[in-house]
Amino acid sequence: MADRPKWFQTTAIDYPNSRPHIGTAFEKVGADVQARYRRMEGYDVFFLMGNDENTVKVSKRAAELGLDTQAYCDDMARQFREVWDALDISYDVFVQTSTERHKECARAFIQKVNDAGYIYKGSYEGWYCDGCESFKTEKELENGNCPIHKRPVTKRSEPCHFFKLSAFTDRLLKFYEENPDFIQPESRRNEIISLIKTDGLYDVNITRRGEAWGIRVPFDPEFTIWVWFDALLTYITGIGYGDDRAMFDRFWPCDTHFIGKDITRFHCALWPAMLWAAGEKPPTKVFGHGFVNFAGDKISKSRLEELKKKGLDYLLEPMEIIRKFSAEAFRYYFLRECPYPSDGEISPDRFIDVFNSELANNLGNLLSRTITIPTKNYGGSLPDTAGKTPEPVVPGLDLAAFVETVRGHVEACRYNLALQTIVQDFLTPTNQYLEANAPWKLVKTDKDAAARVLFNAVQSLRVASILLKPFIPRSAEAIYTSFNFPKPWAEVRYTDAAVLSAQPDDLRVTAELVDGKPKPLFPRIG
RNA sequence: GGCGGGGUAGCUCAGGGGUUAGAGCAGUCGCUUCAUAAGCGACGUGUCGCCGGUUCAAUUCCGGCCCCCGCUACCA
């Protein structure tokens with residue numbers, strides 16, 4: 001373990017105001033592909049997720065439901081994890097920021113930043129609404145009125161603690177320049193850079209006064225720590241910051257923070273500055289993924305009502321999609337149809353199209369036909385194939401280069417292109433190969449030749465299942481274990497997909513059969 | 001308003017100064033029947049946002065305009 005390279009990644013820490021929706025699920029699924037891919041490739045992976053609970057809104061929501069805030073948080077955390085588990089998200093730790101351990105680590109961190117001189121006491125001046133008992137930003141105001149209470153806000157100032165973010169302006173710009181891959185995709189990087197260059201960075205108020213729920217500021221207990229300052233710390237408290245330096249040093253800096261494109265600024269400017277202030281390294285990469293819309297529209301309250309009327313609101317609730325179809329179908333749809341770096345959309349028709357054409361018709365049916373023909377004609381075992389090296393079935397395809405193309409897409413989180421490449425450049429040609437050689441006919445005239453055709457075609461399923469492992473782990477395993485490929489599934493790597501090699505035994509169908517036929521891996525839907 | 005990205009087949013998008021502008025899906029027709037009514041083949045369509053300019057030649061370059069999207073700091 002010690003000599004394996006490490007891979008530490010996180011997803012955004014979710015705000016448990018409501019149940020997880022398809023947008024948050026999209027983020028987790030994309031991150032999960034990366035975690036699974038890195039594990040396959042031999043990395044010592046640590047995948048962190050969690051919920052961001054130390055905010056007034058959470059305690060208000062709990063109060064509305066008549067629940068103790070902690071009990072509410074714990075229940076929401078349970079609900080979130082239930083969805084992530086159902087989607088086979090392979091996280092290693094799930095951090096709740098309301099736990100005492102996180103709070104202690106956060107207090108240690110802010111104390112350190114304060115000791116280093118990056119925090120100073122000042123006063124925050126803003127527009128205050130008595131009804132909301134909170135400050136409003138200029139943007140929120142409607143003609144100078146509180147948008148909720150429709151009455152004028154008043155100028156008010158109160159003491160607070162500022163973090164000297166401005167002190168890191170030049171260092172951040174230099175950092176972005178020296179680490180061009182720090183912010184992905186590039187469009188996000190350009191936004192942040194131009195923002196800082198035009199407006200500069202201001203010091204930020206990192207405390208709130210007079211709130212019962214939250215983490216006390218150790219050097220001034222009248223205050224609690226502003227949620228963002230605390231939430232970001234999850235990324236380090238979850239890997240031992242504050243009480244397990246060895247583990248922290250093993251995994252930090254973070255290799256990729258997966259986040260929504262809306263919070264890139266916090267992760268790309270505030271977060272590195274906070275870490276520098278505490279004497280730690282900044283993360284290696286921040287990936288701001290896109291959003292999921294519903295059939296072209298943003299998911300607003302009115303849109304939701306409309307969908308409910310049409311009975312389509314299930315498509316917004318991950319658990320419903322999983323129940324109706326499967327976690328694998330969910331994963332495949334979003335990974336294939338929504339480009340991870342930019343926005344995508346879900347629509348009922350499209351979901352059915354993608355599932356049927358690629359999973360059922362192309363991949364699933366290819367598996368069925370390559371299992372059935374050997375079973376019917378050879379008792380499931382292809383004679384004289386032991387020790388033989390399969391021949392390529394895709395004309396003109398350099399298998400090693402093809403695998404590297406897919407790998408490049410996976411590493412850059414271009415999951416849709418990775419899947420497109422696998423299906424179009426590999427699976428479809430395999431179906432064409434079968435059509436061209438028609439082993440179901442050939443078997444009547446030349447049984448040996450037909451066996452070789454099948455032997456070759458089956459290799460495509462071995463290759464595809466390996467490449468698909470991070471995307472649809474359960475289905476990929478089902479495909480791989482439908483034949484007696486020698487390498488254990490747990491040990492396959494992408495490089496195994498890049499070569500066609502002989503195996504010691506005759507190729508044999510090992511899939512479970514009912515009346516000589518496999519049950520469809522992806523039964524058509526709709 | 002400022003900065004950035006984009007407007008290409010019914011849909012999602014790729015492409016890019018030059019012979020007939022591409023892919024997948026959907027559609028139509030044919031072949032096939034090993035297979036999940038799956039597979040394979042063939043076929044169609046596009047004023048490549050609008051208006052000008054540069055050029056032998058522009059959808060591709062330049063300018064203007066229209067439309068869409070993102071960012072524009074303390075809300076997670």
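In what follows, chains carry the letters A, B, and so on, assigned in the order in which the sequence lines appear, proteins first and then strands, with residues in each chain numbered from 1. Computed over heavy atoms, backbone and side chain alike; hydrogens, waters and symmetry mates excluded.
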[N] OP1/OP2 closer than 4.0 Å to side-chain N/O of [X]:
X	N	value
A:K441	B:U32	no
A:R524	B:A38	yes
A:W226	B:A76	yes
A:Q420	B:U12	no

Centroid separation under 6.0 Å, is that true for the rings of A:Y120 and A:H161? no

Using 30° and 60° as the class limits, which term best fits the ring planes of A:W228 and A:H267: parallel, tilted or perpendicular?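 Because their plane-to-plane angle is over 60°, the rings of A:W228 and A:H267 count as perpendicular.
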
Considering Watson-Crick and G-U wobble pairs with both distances under 3.5 Å, what does [N] pair with?
N	value
B:G63	B:C51
B:G18	B:C56
B:A42	B:U28

Provide the distance between the two C1' atoms, one in B:U8 and one in B:G46, to the nearest whole Å.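 It comes out at 8 Å once rounded to the nearest Å.
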
Okay, side chain of A:T510, backbone of A:T481: is any donor-acceptor separation there less than 3.5 Å? yes

Quick one: does A:Y235's side chain have a donor or acceptor within less than 3.5 Å of a partner on A:W271's backbone? no

Can you find a donor-acceptor pair, distance only, under 3.5 Å between A:N365 side chain and B:A35 base? yes

Counting the atoms with a prime plus P, OP1 and OP2 as sugar-phosphate, which does A:L521 contact under 4.0 Å by heavy atoms, base, sugar-phosphate, or nothing?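 The residue A:L521 makes base contact.
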
Using a 4.0 Å heavy-atom cut-off, does A:R336 contact any base of the nucleic acid, only the sugar-phosphate backbone, or nothing at all? nothing

Looking at A:F351, A:F355, A:F330, A:Y333, which hits ring-ring contact (aromatic ring centres under 6.0 Å, His included) with A:F325?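 Testing each of A:F351, A:F355, A:F330, A:Y333 against A:F325, the sole residue satisfying ring-ring contact (aromatic ring centres under 6.0 Å, His included) is A:F351.
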
Between [atom2] on [N] and [atom1] on [X], what's the gap in Å once rounded to a whole number?
X	N	atom1	atom2	value
A:L359	B:C25	CG	C1'	14 Å
A:L454	B:A35	CG	C1'	12 Å
A:D343	B:C13	CG	P	10 Å
A:I263	B:C74	CD1	C1'	14 Å
A:K517	B:U36	NZ	C1'	8 Å

